[in-house]
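Only a predicted model underlies this, so the values are computations on that prediction, with no experimental measurement involved. Numbers restart at 1 for each chain; the letters A, B, ... are given by sequence-line order, proteins then strands.
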4 protein chains.
Amino acid sequence: MSFVGSGTAPDQPVRGRPRSEAVERAILEGTMKLLEDGVPLAEISIERIARTAGVGKATIYRRWSGKEELFVDVLRTAEPQDPEQLPGTSMRDDLIVLLESLRQRGLANRSSAILHNVHAQMKSSPKIWAAYHNSVILPRRRAGVEVLRRGQQNGELRADLDVELVNDIIVGPMLVRAVLRPEADLPEDLAERIVDTLLAGLRPVN
Amino acid sequence: MSFVGSGTAPDQPVRGRPRSEAVERAILEGTMKLLEDGVPLAEISIERIARTAGVGKATIYRRWSGKEELFVDVLRTAEPQDPEQLPGTSMRDDLIVLLESLRQRGLANRSSAILHNVHAQMKSSPKIWAAYHNSVILPRRRAGVEVLRRGQQNGELRADLDVELVNDIIVGPMLVRAVLRPEADLPEDLAERIVDTLLAGLRPVN
Amino acid sequence: MSFVGSGTAPDQPVRGRPRSEAVERAILEGTMKLLEDGVPLAEISIERIARTAGVGKATIYRRWSGKEELFVDVLRTAEPQDPEQLPGTSMRDDLIVLLESLRQRGLANRSSAILHNVHAQMKSSPKIWAAYHNSVILPRRRAGVEVLRRGQQNGELRADLDVELVNDIIVGPMLVRAVLRPEADLPEDLAERIVDTLLAGLRPVN
Amino acid sequence: MSFVGSGTAPDQPVRGRPRSEAVERAILEGTMKLLEDGVPLAEISIERIARTAGVGKATIYRRWSGKEELFVDVLRTAEPQDPEQLPGTSMRDDLIVLLESLRQRGLANRSSAILHNVHAQMKSSPKIWAAYHNSVILPRRRAGVEVLRRGQQNGELRADLDVELVNDIIVGPMLVRAVLRPEADLPEDLAERIVDTLLAGLRPVN
DNA sequence: ATGTAACCGAGACGGTACGTCGTGTCTTCAT
DNA sequence: ATGAAGACACGACGTACCGTCTCGGTTACAT
């Protein structure tokens, strides 16, 4: 369950009593429960998590080295299912699907008011942020850039543009709304509107 | 120095020794120093700030009700000077100036590695976030929307677009780079490239 | 209140809030209470003492470096008043007075069932034992040896005997009863009987 | 002969693997080793004993109910062989032999610095102390009192003395030196000197 | 000049949480 | 059944901060 890679340990025969999966679940779900109940992040101590889950502190420290590592796992457990099969019919459709999945994440977060805090918290601990970045953010970014490359080859996207920058341009508005502007709403057709607006350009047609 | 309102206290005759401004500066600058030295945010306690500034804890609590309020003031002290006179020659030029000021902020933050953390931290405390949002973010947003409205009247911007959404589209890519993707760099012509790309649209010219 | 010497600190102006004597008493008496209530020594944790005395743990650690140092002070606080003016009328009378004070200690200990445990505990920590030895045991021993020396000069004690050994002989039986044989009782005339028996010798008169 | 019961175990067919005596020895000797190496008693945990002996904790708990029971066994294993045939030639000689065995114990203890601690520790756990008292101390005490009774019948000891008290008087000085005054030495002729001094009395012969 | 009231540094105070360790019990695989 | 290993709930360890409080001492105004 460690969030950092896994790669099938090199054999290591089981010695002693194995760790209980039930306990593992109890900890993750107990933490989730606290978050959902609106307990401020600063008041969620390892001690309290242990009490909530009916578990000894050592049992938590045996699995995670601290609060931050634990939160990363909680966050990943709660993340909506990762990317999906892209339709592949056109660059436009693919981009809309990608943006739509971002919107779903924003909605899920909002509804429970949970992940915002955890996300913010992670940014202040570089190691954890790096782990989260590598395992969650980067893969999506790569998917986006790939779609854009194919678009350039198809002639759907201007060939002279820097795909990295274009990716920021596409993803930016949705992130701003979902992460930085929690007061804004995320209407159903938002992904489509953003993509079409960007494709057409802001300048009047003629 | 309270960040919430100010409006010149109604009268209150000064009795007893007045608060030392030197002490006030020492606290703010001491905190700044810790941030600049790369001390992780979580390790910056009121106790440590007091030690660093050579000041009693009570002296800090006399001015701020807690760590969060203090950080807001530190952040505001360190912010680059707020917006500027817009050229007004065209919507394009105005947008570039606004984006460029955002870029400057990103650079300043990066160079000292300070504000990232503080920004992230603030997000987990709703009251503080609201204060920061109202005093720093909202004014800039309003300026941006105003520029876009003028653009629609001038015929520089398609009249059928939602200016709020367009503002997110313009500001989004810069924020993504400055706040969420600290690993990306912010080249000098970035503001210009973003605006021109957006105006022209992503689709090939013909 | 440190048990190790005192010698009037060289001046040291008081800085910060002074330590509360009331708190000091609360801790010592709280510990005493636990001992009197028959709580096994092993179950008396610093944590529990703090709870009993209504005090923070740090407040205890500020005064004593650990459980052992604290117990020494508790023990010394509870000790019956140290020796007394010796009558000086004869070696026999002086020895009886010294032994009687030992008997009193044994009785006090027994009645509350306190000090036995603490005494035993101290033996397993050499530093503490040394401190207790120097401040409590040694002075009494010196007083005894002094009395015996005067006895040799007066002709009340055989001049060929080693006063150190004689002291052990006199003090021994009382200690055995008071410390090692808690089941034995300590009748009122015990000191007198021991001294007279020793002076006369065990052999039948003739 | 009787078909009912027997002295030895009442039949109980051995099922499963029998307990290893080697393991039993490893535990006792491992504990002894720790004591000999001067590890403070408070730092000798069951956990550490198990590590030292290369044994699982459960294996220890299967044999002893806790640290105290284990220590009693360690102590008894290490005790010099219990009393001996008394010469019986005279009360004086018998007393000297008894005292000498006490002195040997004191020397053994001292040389390894072991039993002091264990002895002290036992005093704080009444159940264990009772066990030790009954199995080690009481038999010796009874032997001593018996010798004194014979002495009274022989006319070697004044008939008007309380033999219990006399026993304390004889045993006291040696115990004081061996148990309470570890800094004192125990010269070879100590037993003889004590007995002769007591028999003759402290008063000058004149 | 002298109150007097708020300031200041220092540090004690009752708490809570930290991360580690030892307790005695349990569960697993292997002998 | 025994044995080594180690997970488990529990609770104490000694330290660090929290936010409040009490000290001795210092300004700076109002008398």
Engineer: Counting heavy atoms from C-beta on, name the nucleotide in F/dT2, E/dG14, E/dT25 closest to the side chain of D/Y61.
Structural biologist: E/dT25
Engineer: Could you say whether A/R48 or B/V55 is positioned toward the 5' end of DNA chain E, judged by the nucleotide with the nearest heavy atom to each?
Structural biologist: B/V55
Engineer: At less than 4.0 Å, is any side-chain N or O atom of C/T59 found next to OP1 or OP2 of E/dA12? Yes or no.
Structural biologist: no
Engineer: Nearest 0.5 angstrom please: B/I46 CD1 to B/I49 CD1, how far?
Structural biologist: 5.0 Å
Engineer: Mapping A/R51 and C/G16 to their closest nucleotides on DNA chain E, which lands nearer the 5' end?
Structural biologist: C/G16
Engineer: What's the spacing between B/I44 CD1 and B/L70 CG if we round to 0.5 Å?
Structural biologist: 9.5 Å
Engineer: Round to the nearest Å and state the distance from A/E43 atom CD to F/dC18 atom P.
Structural biologist: 15 Å
Engineer: Give the minimum heavy-atom separation between B/G56 and B/A50, together with the two atoms involved.
Structural biologist: C-CB, 4.3 Å
Engineer: Between atom CD1 in C/I46 and atom C1' in F/dG11, what is the gap in whole Å?
Structural biologist: 15 Å
Engineer: Closest approach to the side chain of A/R63, judged atom by atom: which nucleotide of F/dG3, F/dC8, E/dG24 is it?
Structural biologist: F/dC8
Engineer: How long is the line joining CD1 of D/I44 and C1' of E/dT23, in whole Å?
Structural biologist: 16 Å
Engineer: Would you mind reading off the distance between B/E47 atom CD and E/dT16 atom C1', rounded to a whole angstrom?
Structural biologist: 14 Å
Engineer: Between B/S45 and D/V23, who's closer to the 5' end of DNA chain F by nearest nucleotide?
Structural biologist: D/V23
Engineer: Which heavy atom in B/R63 sits nearest to a heavy atom in B/E24, and how many Å separate them?
Structural biologist: NH1-OE1, 2.6 Å
Engineer: Taking any heavy-atom pair under 4.0 Å as a contact, classify A/G66: base, sugar-phosphate, or nothing.
Structural biologist: nothing
Engineer: Looking at the side chain of C/R17, which of F/dA12, F/dC18, E/dC13 is the nearest nucleotide?
Structural biologist: E/dC13
Engineer: Quiz question: going by heavy-atom distance under 3.5 Å, is there a donor-acceptor pair between the base of E/dG11 and the side chain of B/K57?
Structural biologist: no
Engineer: CZ of A/R19 versus C1' of E/dC26: gap in Å, rounded?
Structural biologist: 16 Å
Engineer: To the nearest angstrom, how far is C/K67 atom NZ from F/dG14 atom P?
Structural biologist: 8 Å
Engineer: Which atom pair, heavy atoms only, marks the closest approach of B/A26 to B/A53?
Structural biologist: O-CB, 3.6 Å
Engineer: Measure the distance from CZ on C/R62 to P on F/dT15 and round it to the nearest whole Å.
Structural biologist: 12 Å
Engineer: Between D/A58 and A/A58, who's closer to the 5' end of DNA chain F by nearest nucleotide?
Structural biologist: D/A58
Engineer: Nearest whole angstrom, please: distance from the P of E/dC13 to the CD1 of C/I60.
Structural biologist: 11 Å
